[in-house]
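Have a look at the structure below before the remarks.
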Amino acid sequence: MAILVTGGAGYIGSHTVAELLDRGEKVIILDSLKKGHHAAVLAEPFYQGDVRDQDLLKRIFSEHEVDAVLHFAADSLVGESVQDPLKYYDNNVVSAQRLLTAMVEHGVKKIVFSSTAAVYGEPEQVPIEEHSPTRPASPYGETKRVIEKMMEWSEKAYGLEYISLRYFNAAGAHPKGHIGEDHDPETHLIPLVLQVALGKREAISIFGDDYPTPDGTCIRDYIHVTDLAQAHWLAVDHLRRGKGSAIYNLGNGNGYSVKEVIDTARKVTGHAIPAIMVPRRGGDPAVLIASSGKAKRELGWHPQYEKLEEIIRSAWEWHQSHPDGYQDVTVLTKK
Ligand SMILES: NC(=O)c1ccc[n+]([C@@H]2O[C@H](COP(=O)([O-])OP(=O)(O)OC[C@H]3O[C@@H](n4cnc5c(N)ncnc54)[C@H](O)[C@@H]3O)[C@@H](O)[C@H]2O)c1
Ligand SMILES: O=c1ccn([C@@H]2O[C@H](COP(=O)(O)OP(=O)(O)O[C@H]3O[C@H](CO)[C@@H](O)[C@H](O)[C@H]3O)[C@@H](O)[C@H]2O)c(=O)[nH]1
């Protein structure tokens with residue numbers, strides 16, 4: 001049986017495909033390449049297309065024996081979603097609805113979904129547990145919560161089983177050096193800070209220093225991308241063993257402020273990394289830190305990267321060896 005990976009040419013999707021291949025899984029990738037990269041497609045068959053394309057979904061499910069779907073494909077930028085919420089309802093909610101419909105029609109009963117810490121909004125207490133209230137502070141987080149509800153109702157109605165993985169902030173790159181983070185435009189803190197160290201940007205902007213945190217900047221929980229990848233295979237295995245639907249946080253349990261990230265990157269790169277203070281970005285909660293005990297207990301998840309310094313060093317190795325990301329290859333393939 002094969003696993004269909006939507007968004008498998010993207011950052012977390014490609015690292016997860018690498019993990020699945022290491023585990024001997026048969027993988028099918030579906031990605032529009034609007035954000036992903038041909039060079040990050042690690043498995044065949046690869047379908048370049050949109051998850052909203054119902055005919056394409058039908059074709060894939062008819063041509064292959066798929067028992068589980070890993071659904072990464074989405075738009076995922078908190079700030080952009082505040083500016084353009086309808087884009088997020090379209091690409092995230094409509095895609096998921098069509099994917100679930102096709103799965104039900106073809107008798108595919110297992111899905112692992114890329115959810116997010118952004119479903120919680122401003123938490124009442126940290127570390128955040130899975131039963132904490134969900135009050136998304138951005139349309140992005142809201143669309144992910146809607147999809148979680150869609151899966152819950154689909155379980156009751158059609159017997160579809162799901163695992164929703166609420167990742168905190170993904171960072172780092174594969175230790176083999178062949179895949180890493182390359183978003184265009186880049187909006188994530190760690191790669192932007194490293195672009196300054198590479199001399200590709202003059203300074204990093206800090207979005208607000210008036211948050212209720214010790215140094216006034218937002219605190220996030222950074223989790224290594226290969227640790228996320230490991231959790232996905234464990235989640236598929238969990239469903240295959242009949243353990244049923246569940247929601248898991250995936251984070252390190254350690255929070256670092258924007259200023260601490262910049263300081264750590266200065267240490268790792270040896271570069272001064274100038275920073276400038278700018279106003280807050282819309283939709284950003286002050287503090288997001290995970291409790292991931294449930295994933296460790298129930299999935300047997302063992303994250304390998306604990307320290308922010310190790311995570312930033314892993315990202316730095318990728319950015320140094322690929323200063324222009326996958327650029328040379330994607331110029332040829334992106335239309
Ligand atoms: N990066 C993070 O820190 C983070 C944290 C929490 C959750 N997530 C979630 O994880 C998933 C992957 O994130 P990422 O950082 O790897 O993003 P990414 O943009 O690198 O990957 C997403 C991939 O999906 C593809 N895609 C998007 N919409 C599509 C569609 N309609 N049809 C086909 N392909 C489509 C893109 O081309 C891209 O390759 C997303 O669902 C995101 O919301 C990411
Ligand atoms: O130039 C920058 C970029 C970011 N930040 C701040 O750095 C923190 C991290 O921002 P970013 O790297 O953009 O990640 P998030 O907005 O926290 O969102 C990421 O992490 C979420 C889970 O917490 C996921 O759901 C999202 O998909 C993913 O983009 C936030 O406080 C930002 O305000 C800056 O100060 N300057």
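In each ligand, atom 1 is the first atom listed, and ligand 1 is the first ligand listed. In this text, all values refer to a predicted model and were calculated from it rather than measured experimentally.
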Q. Tell me: protein heavy atom nearest atom 10 (O) of ligand 1, and distance?
A. Tyr167 CE1, 3.2 Å

Q | Arg98 side chain vs Gln54 backbone, donor-acceptor pair below 3.5 Å | A | no

Q | Options Ile12, Thr116, Val5, ranked by nearest heavy atom to atom 4 (C) of ligand 1, top entry | A | Ile12

Q.
Under 4.0 Å from a heavy atom of Gly49: which atoms of ligand 1 are those, numbered in the order shown and with their elements?
A. 32 (N), 33 (C)

Q | Region of His183 that comes within reach of ligand 1 [heavy atoms, distance under 4.0 Å] | A | side chain

Q | Residue part near ligand 1, for Ala118, under 4.0 Å between non-hydrogen atoms | A | neither

**Q.** Identity and distance of the protein heavy atom lying nearest atom 28 (N) of ligand 1
**A.** Asn91 ND2, 3.0 Å

Q.
Would the distance check show the side chain of Glu186 and the main-chain N or O of His183 forming a donor-acceptor pair, the cut-off being under 3.5 Å?
A. yes

Q: Report, in ascending order of atom number, the atoms of ligand 1 lying under 4.0 Å from any heavy atom of Ser95.
A: 31 (N)

Q.
Looking at Asn252 and Asp221, would you say the former's side chain and the latter's main chain have a donor-acceptor pair under 3.5 Å?
A. no

(Q) Does either side chain, that of Tyr120 or that of Arg166, offer a donor lying less than 3.5 Å from an acceptor on the other one? (A) yes

Q | Heavy-atom closest contact (Gly141 atom, Pro136 atom, distance) | A | C-CB, 3.6 Å

(Q) Please check: side-chain N/O of Trp301 versus main-chain N/O of Asp227, any donor-acceptor pairing under 3.5 Å? (A) yes

Q: Quick one: look at Leu33 and ligand 1, take heavy-atom pairs under 4.0 Å, and tell me if it's side chain, backbone, both or neither.
A: backbone

**Q.** Taking atom 34 (N) of ligand 1 as the reference point, the nearest protein heavy atom with its distance
**A.** Ser32 N, 3.1 Å

Q.
Quick check on Glu306: does its CD atom have over 12 non-hydrogen neighbours (other residues, nucleotides or ligands) under 6.0 Å away?
A. no

Q: List, ordered by chain and residue number, the protein residues whose closest non-hydrogen atom lies under 4.0 Å from any atom of ligand 2.
A: Ser76, Val78, Thr116, Ala117, Tyr140, Tyr167, Phe168, Asn169, Thr187, His188, Leu189, Leu192, Ile204, Ser205, Ile206, Phe207, Cys218, Arg220, Tyr222, Val258, Arg281, Asp284, Leu288

(Q) Counting only heavy atoms from other residues, nucleotides and ligands, does the tally under 6.0 Å from CZ of Phe46 exceed 12? (A) yes

Q: Using a strict 4.0 Å cut-off to heavy atoms of Phe168, name the atoms of ligand 1 that fall inside it.
A: 3 (O), 5 (C), 6 (C)

(Q) Could you identify the single nearest non-hydrogen protein atom to atom 2 (C) of ligand 1 and state the distance to 0.1 Å? (A) Ala170 CB, 3.7 Å

Q) Considering distance alone, does some N or O of Asn169 sit under 3.5 Å from an N or O of ligand 1? A) no

Q | Qualifying residue, where the test is side chain to side chain contact (heavy atoms under 4.5 Å, CB included) with His37 and the options are Asp182, Asp31, Ile179, Asp184 | A | Asp182

Q. Which is closest to atom 22 (C) of ligand 1 by heavy-atom distance: Gly36, Gly13, Ala74?
A. Ala74

Q: Output the list of atoms in ligand 1 that are nearer than 4.0 Å to some heavy atom of Lys144, sorted by atom number.
A: 40 (C), 41 (O), 42 (C), 43 (O)

(Q) I need the single residue from Glu309, Glu310, Glu317 that forms a salt bridge (charged side-chain N to carboxylate O under 4.0 Å, His left out) with Arg313. Which is it? (A) Glu309

Q: Go through the side-chain N and O atoms of Tyr162 and Glu148 and say whether any donor and acceptor fall under 3.5 Å apart.
A: no

Q: Would you mind listing which atoms of ligand 1 come within a distance below 4.0 Å of any non-hydrogen atom of Ser115?
A: 6 (C), 7 (C)

Q) Among protein heavy atoms, which sits nearest to atom 29 (C) of ligand 1, and what does the distance come to when rounded to 0.1 Å? A) Ala73 CB, 3.7 Å

(Q) To check your reading of the model: name the closest protein heavy atom to atom 39 (O) of ligand 1, its residue, and the distance in Å. (A) Asp31 OD2, 2.6 Å

**Q.** atom 32 (N) of ligand 1: the protein heavy-atom neighbour that sits closest, reported with distance to 0.1 Å
**A.** Val51 N, 2.9 Å

Q: Determine, using ring centers only, whether Tyr326 and Trp318 are less than 6.0 Å apart.
A: yes

Q. Near Phe72, which atoms of ligand 1 are under 4.0 Å from a heavy atom of that residue?
A. 11 (C), 12 (C), 40 (C), 41 (O)

**Q.** Atoms of ligand 1 close to Ala9 [distance to a heavy atom under 4.0 angstrom, numbered from 1]
**A.** 39 (O)

Q. What part of Tyr140 sits under 4.0 Å from ligand 1 if we count only heavy atoms: the side chain, the backbone, both or neither?
A. side chain

Q. So which heavy atom in the protein is nearest atom 42 (C) of ligand 1, and how far is it from that ligand atom?
A. Ser76 CB, 3.4 Å

Q: Look only at the side chain of His106 and the backbone of Ser62, and say whether a donor-acceptor pair between them is shorter than 3.5 Å.
A: no

Q | Test side chain to side chain contact (heavy atoms under 4.5 Å, CB included) applied to Ile262 - qualifying residues, sequence neighbours left out | A | Val193, Ile204, Ile206, Val258, Arg266, Ile273, Ala275

Q. Do His232 and Tyr167 have ring centroids that are under 6.0 Å from one another?
A. yes

Q.
Testing His322, His15, His188 one by one against Glu181 for a side chain to side chain contact (heavy atoms under 4.5 Å, CB included), which residue passes?
A. His188

Q. Which of these, Val27, Leu20, Thr6, Ile12, sits in a side chain to side chain contact (heavy atoms under 4.5 Å, CB included) with Leu70?
A. Leu20

